[in-house]
There are 2 protein chains.
Amino acid sequence: MKRVTINDVALRSGVSKSTVSHVINQTRFVEEQTRLKVLQTIKDLNYRPSSIARSLVSQRTGTAGLLISDVGNPFYHEVILGVEDVALANDYSLFLCNTGYDLDRGMKFIHSLIDRSVDGILFMSSSMNVEMLDEVYRNNIKAVVLDWGGTDVSQLASTITIDFNTGICEAVQHLVSLGHTRIAFAGGPEGLWTANIRTQAFLNAISQCQPAVEGIVIPHGNLRIEGGYKAFDALSNLSPRPQAVIAANDLTALGLMWAARNAGFNLPRDLSIVGLDDIDLASRVTPALTTITLPRFEIGRLAMQELLALIREPEQTKSNHVVETYLTVRESTTAAPITV
Amino acid sequence: MKRVTINDVALRSGVSKSTVSHVINQTRFVEEQTRLKVLQTIKDLNYRPSSIARSLVSQRTGTAGLLISDVGNPFYHEVILGVEDVALANDYSLFLCNTGYDLDRGMKFIHSLIDRSVDGILFMSSSMNVEMLDEVYRNNIKAVVLDWGGTDVSQLASTITIDFNTGICEAVQHLVSLGHTRIAFAGGPEGLWTANIRTQAFLNAISQCQPAVEGIVIPHGNLRIEGGYKAFDALSNLSPRPQAVIAANDLTALGLMWAARNAGFNLPRDLSIVGLDDIDLASRVTPALTTITLPRFEIGRLAMQELLALIREPEQTKSNHVVETYLTVRESTTAAPITV
DNA sequence: TTGAAAGCGCTAACAA
DNA sequence: TTGTTAGCGCTTTCAA
């Protein structure tokens with residue numbers, strides 16, 4: 001049960017290895033008759049070239065690493081699909097590297113990817129650092145970094161940043177058009193960059209888009225459902241209570257929603273809620289969640305496309321893409337009660 | 001910026017390639033002094049052996065394919081973590097292959113994995129078929145199949161099956177001990193094997209564990225939240241209405257829960273609900289969902305361990321593992337109302 | 001129009 | 001105790 005090699009094909013078709021190779025890769029002219037014979041033999045023997053051997057000579061593997069904090073995070077789900085979509089279409093295979101928010105584990109993965117000579121690495125994990133990027137760069141491996149809050153890495157990699165301002169601005173305008181004048185924002189954990197950037201975008205949106213509106217930040221969330229419960233308590237204690245709230249992510253929004261209902265609220269009448277992320281669940285709860293959508297599938301595609309560009313045109317300068325967010329209106333927002 | 005090779009190390013340390021190789025792999029005795037010198041040079045040059053070159057000679061890549069229907073499916077989340085856990089500990093890297101329930105796409109992935117000479121493949125996708133398995137087998141690649149409903153494949157691969165009977169039996173007993181005598185089961189789509197096996201397990205549980213209980217199957221769910229809504233309607237129309245329901249999966253259970261609440265039910269008093277899967281969300285909703293737990297992390301670990309065993313001991317016979325499920329009691333089940 | 005041969009970076013049998 | 005050398009399966013130059 002030995003592997004069929006190019007030699008077997010050559011021998012069986014009475015030609016040399018190089019002819020077989022050229023037939024396969026269409027890399028020089030081969031007489032039609034011999035070409036057909038070779039092709040037939042390949043079929044007969046069910047021959048498939050070893051990409052290992054190919055990689056050794058071509059110095060390219062057709063593989064990339066996908067460094068990600070947590071596959072289970074609904075945010076990444078469609079991002080991964082987008083990445084994979086482009087990868088598959090370009091005959092690239094992806095190594096899954098789930099850091100679990102652990103830097104050491106991340107470094108282990110990076111080394112393993114370097115050893116395996118991947119052509120590129122997609123950094124989609126907050127649990128990365130410049131050291132990793134440096135090491136990757138020194139090994140001449142291309143990298144694309146998604147929405148990282150750390151120091152400037154544009155010398156080492158291409159980057160993709162998500163612009164929360166556009167979406168949050170739309171959300172604020174939407175709420176204002178519904179008559180809301182006090183809008184709360186249920187933020188994430190204080191130390192977390194990905195959370196801070198969202199809170200900041202909210203404050204920007206208020207001052208830039210609707211300076212007349214009063215924006216109230218409810219801090220210390222945790223970007224999970226329980227955080228939404230707590231945010232609801234905090235919100236309830238405000239006086240006067242805001243009738244509209246934008247959450248730092250959809251899970252927080254769902255937590256708010258469920259806590260509000262448990263407190264006897266009629267939704268959306270008593271409280272307009274806007275999420276952020278547009279996870280699967282968002283459109284499937286009742287009332288369906290109005291939320292700020294991140295085009296995640298497109299982000300994934302873009303990231304992989306950029307990586308391929310970097311790999312294929314080594315001279316190409318690294319780019320910094322910005323992806324905009326936008327509001328998706330569903331049922332969880334409604335007109336503010338009329339104040340008499 | 002050329003890659004550092006074993007030759008560079010050999011030259012720089014004034015020894016031969018083989019000595020360097022033997023130092024690295026500890027595969028024959030090397031005098032302490034030269035050993036140290038080689039080690040030092042490796043550090044100085046920051047040398048890392050190319051696993052591509054290694055694979056070419058060893059005929060082993062240290063890679064495996066993870067064929068999965070949908071990374072976003074919460075069921076697979078912890079399974080993946082388990083797989084990865086064992087993989088990383090054994091210096092194995094995983095190729096992510098997300099079939100998206102598409103057989104053609106699956107076959108494309110299989111071919112790509114064969115070309116890349118993976119040592120083994122984990123089939124965790126309902127969208128597979130025997131043809132794939134056959135092709136993999138013919139290429140001398142090991143395979144482990146998780147919980148597949150198709151024909152017997154024990155000649156081609158090791159298998160892991162999930163035993164729903166144990167968990168569902170426990171659930172039925174739990175409900176009976178709470179005083180319930182009519183128990184509904186909200187099933188999945190009719191054609192789907194993974195759904196049928198669960199319904200069947202429910203019927204078995206009734207007849208084997210608690211034949212005195214009346215079991216009512218509500219068919220045609222879709223294993224999603226909306227399916228739970230519909231199941232609630234169906235359930236409401238039953239007369240007398242069952243006061244306890246087991247759902248084919250957690251999402252269905254959540255749908256039931258939310259529909260019941262929208263209908264003004266007081267939960268769990270008016271309806272005891274049991275889920276199946278124990279997804280993350282299950283413990284975080286209110287009331288927290290009593291559910292039948294699948295030890296998913298362990299399933300993942302087991303699958304990868306079995307694959308490694310197959311790879312490392314080619315003589316080993318393929319095994320068929322059975323993993324048991326069990327009940328996790330939370331808040332969504334309570335005593336049946338006393339019938340006067 | 002095709003073949004021979006060198007070489008990608010490594011391991012391991014055979015020599016010394 | 002270590003070095004020489006023949007591959008692993010392929011691509012690609014150079015020659016014919």
Side-chain angles (χ1 to χ4, degrees), chain A residues 1-39 41-42 45-63 91 114-119 139-141, chain B residues 1-39 41-42 45-63 91 114-119 139-141:
Chain A
M1 205 157 169
K2 272 203 62 193
R3 184 182 184 110
V4 181
T5 77
I6 199 173
N7 268 312
D8 302 325
V9 178
L11 241 59
R12 181 86 118 72
S13 359
V15 296
S16 73
K17 288 198 296 180
S18 42
T19 298
V20 176
S21 172
H22 284 121
V23 167
I24 291 168
N25 303 309
Q26 314 194 34
T27 173
R28 90 175 171 196
F29 182 84
V30 176
E31 206 188 358
E32 189 61 8
Q33 199 186 336
T34 51
R35 206 178 68 84
L36 289 176
K37 196 194 318 180
V38 169
L39 252 23
T41 324
I42 287 177
L45 297 181
N46 195 22
Y47 166 72
R48 320 200 103 240
S50 149
S51 45
I52 296 291
R54 276 186 166 166
S55 303
L56 192 59
V57 17
S58 71
Q59 304 286 41
R60 208 166 264 185
T61 54
T63 58
D91 282 312
I114 293 175
D115 291 346
R116 297 201 187 284
S117 310
V118 293
D119 298 340
N139 282 276
N140 202 21
I141 292 173
Chain B
M1 205 155 171
K2 272 204 56 188
R3 185 184 182 109
V4 181
T5 77
I6 200 173
N7 268 312
D8 301 326
V9 177
L11 240 60
R12 181 87 117 74
S13 358
V15 296
S16 72
K17 287 198 300 181
S18 45
T19 299
V20 176
S21 172
H22 284 121
V23 166
I24 292 168
N25 303 310
Q26 312 194 36
T27 173
R28 88 177 173 196
F29 183 84
V30 177
E31 206 187 358
E32 190 62 8
Q33 200 185 337
T34 51
R35 206 179 68 84
L36 289 176
K37 196 192 319 179
V38 169
L39 252 23
T41 324
I42 287 177
L45 297 181
N46 194 23
Y47 166 72
R48 320 201 103 240
S50 148
S51 44
I52 296 290
R54 275 185 167 167
S55 303
L56 192 59
V57 18
S58 70
Q59 304 286 41
R60 208 167 264 183
T61 54
T63 59
D91 282 313
I114 292 175
D115 291 347
R116 296 199 189 288
S117 312
V118 294
D119 298 340
N139 282 276
N140 201 22
I141 293 173

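None of the values given here were measured: they were computed from a predicted structure. Here is the naming used below: chain letters follow the sequence lines, and residue numbers restart at 1 for every chain.
- For the OP1/OP2 pair of C:dG9 and a distance below 4.0 Å, the side-chain nitrogens and oxygens of A:Q59 include at least one atom meeting the criterion.
- Comparing the end axes of the helix from C:dT1-D:dA16 to C:dA16-D:dT1, each fitted to five base pairs by superposing C1' atoms of four pairs onto the next four, gives an inter-axis angle of 50° (nearest 10 degrees).
- Distance CG/A:N7 to CG/A:L11: 7.0 Å, rounded to 0.5 Å.
- Counting non-hydrogen atoms of other residues, nucleotides and ligands closer than 6.0 Å to CD of B:E32 gives a total above 12.
- Distance CD (B:Q26) to P (C:dA12): 14 Å, rounded to an integer number of Å.
- Judged purely by atom type and a 3.5 angstrom limit, A:R116 has no side-chain atom pairing as donor or acceptor with the backbone of A:T61.
- The backbone N or O of B:V9 sits less than 3.5 Å from a side-chain atom of B:S13, completing a donor-acceptor pair.
- Side chains of B:R54 and B:N25 form a contact here, defined as non-hydrogen atoms less than 4.5 Å apart.
- Taking only side-chain nitrogens and oxygens, A:N7 never comes nearer than 4.0 Å to OP1 or OP2 of D:dG9.
- Distance A:K37 NZ to C:dT1 P: 16 Å, rounded to the nearest Å.
- OP1 or OP2 of D:dT11 lies within a sub-4.0 Å distance of a side-chain N or O belonging to A:S21.
- Residues satisfying the side chain to side chain donor-acceptor pair (under 3.5 Å) criterion with B:R48, sequence neighbours excluded, are A:D115.
- Counting to the nearest Å, the C1' atom of D:dT2 and the CZ atom of B:R35 are 16 Å from each other.
- Distance B:Y47 OH to C:dC10 C1': 7 Å, rounded to the nearest Å.
- Between B:V23 and B:V15, every side-chain heavy-atom pair lies at or beyond the 4.5 Å cut-off.
- For the atom pair A:I42 CD1 and A:I6 CD1, the distance stands at 8.0 Å (nearest 0.5 Å).
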Might you list the N or O atoms of the protein lying below 3.5 Å from N or O atoms in nucleotides 2-6 of chain C, with each pair's distance?
unit_1: C:dT2; atom_1: OP1; unit_2: A:T34; atom_2: OG1; d: 3.1
unit_1: C:dT2; atom_1: OP2; unit_2: A:E31; atom_2: N; d: 2.8
unit_1: C:dT2; atom_1: O4; unit_2: A:R28; atom_2: NH1; d: 3.3
unit_1: C:dG3; atom_1: OP2; unit_2: A:S16; atom_2: N; d: 2.9
unit_1: C:dG3; atom_1: OP2; unit_2: A:S16; atom_2: OG; d: 3.0
unit_1: C:dG3; atom_1: OP2; unit_2: A:T19; atom_2: OG1; d: 2.6
unit_1: C:dG3; atom_1: N7; unit_2: A:S18; atom_2: OG; d: 3.4
unit_1: C:dG3; atom_1: N7; unit_2: A:R28; atom_2: NH2; d: 2.9
unit_1: C:dG3; atom_1: O6; unit_2: A:R28; atom_2: NH1; d: 2.6
unit_1: C:dA4; atom_1: N6; unit_2: A:S18; atom_2: OG; d: 3.3

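- Under 3.5 Å, the side chains of A:S117 and B:R3 contain a donor-acceptor pair of N or O atoms.
- To the nearest angstrom, P of C:dG9 lies 24 Å from CZ of B:R60.
- Between the CZ atom of A:R48 and the P atom of D:dG9 there is a distance of 17 Å, given to the nearest Å.
- Atom CG in A:N25 sits about 17 Å away from atom P in D:dG9, given to the nearest Å.
- Under 4.0 angstrom from either OP1 or OP2 of D:dT11 there lies at least one side-chain N or O belonging to A:R54.
- Regarding B:L11, its CG atom lies at a distance of 13 Å from the P atom of C:dC10, rounded to whole Å.
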